[in-house]
Amino acid sequence: MNKKLTKVALELEEVQVLPEREALGSFNIANIVASNTAVAVNAASHFSVANAVALQGINVHQH
């Protein structure tokens, strides 16, 4: 997912000023779930090759 930003796309972007922090509310609740999983396999013999796969996921749900 390596997308390059072109000059035309950049010129089409808009900027908006955020309201003051007090107007956004007095509390913020976010549920964050992170998981890391890794698996490695080695045949335990001479001249063997170990292969590994690692996955990472982060989900944020903000209320």
Side-chain angles (χ1 to χ4, degrees):
M1 205 164 85
N2 187 8
K3 295 181 180 179
K4 292 186 178 182
L5 185 62
T6 65
K7 185 176 179 180
V8 174
L10 183 60
E11 290 172 353
L12 292 174
E13 290 293 320
E14 296 181 12
V15 176
Q16 295 182 357
V17 177
L18 294 174
E20 293 294 325
R21 186 168 190 82
E22 292 79 21
L24 295 175
S26 59
F27 64 92
N28 189 1
I29 299 172
N31 183 19
I32 301 173
V33 177
S35 65
N36 292 302
T37 306
V39 176
V41 177
N42 191 334
S45 62
H46 295 293
F47 307 111
S48 66
V49 176
N51 295 312
V53 176
L55 302 173
Q56 182 180 50
I58 299 174
N59 296 316
V60 178
H61 300 281
Q62 191 169 10
H63 304 281

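Numbers for residues simply follow the sequence, beginning at 1. Just so you know, these numbers come straight off a predicted model, no measurement behind them.
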Q: If you link I, L, V, M, F, W and Y whenever their side-chain heavy atoms are under 4.5 Å apart, who else ends up in the same group as Val17?
A: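 ILVMFWY cluster around Val17 holds nothing else.
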
Q: Going by the rule side chain to side chain donor-acceptor pair (under 3.5 Å), which residues pair with Gln56 if we only count those two or more places apart in sequence or in a different chain?
A: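 Scan of Gln56 (side chain to side chain donor-acceptor pair (under 3.5 Å), adjacent residues dropped) gives Asn36.
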
Q: Going by the rule side-chain contact (heavy atoms from CB on, under 4.5 Å), which residues pair with Ala52 if we only count those two or more places apart in sequence or in a different chain?
A: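 Per chain and number, Ala52 pairs via side-chain contact (heavy atoms from CB on, under 4.5 Å) with Ala40.
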
Q: Among residues at least two apart in sequence or on other chains, which ones pass side-chain contact (heavy atoms from CB on, under 4.5 Å) with Leu12?
A: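 In terms of side-chain contact (heavy atoms from CB on, under 4.5 Å), with neighbours along the sequence ignored, Leu12 is linked to Val8.
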
Q: Quick one: list whatever passes side chain to side chain donor-acceptor pair (under 3.5 Å) with Asn59, sequence neighbours left out.
A: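 Listed in chain order: nothing, the list is empty.
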
Q: With ILVMFWY side chains joined below 4.5 Å, transitively, what does Leu10's cluster contain besides itself?
A: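 The other cluster members (ILVMFWY side chains, heavy atoms under 4.5 Å, direct or chained) are Leu5.
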
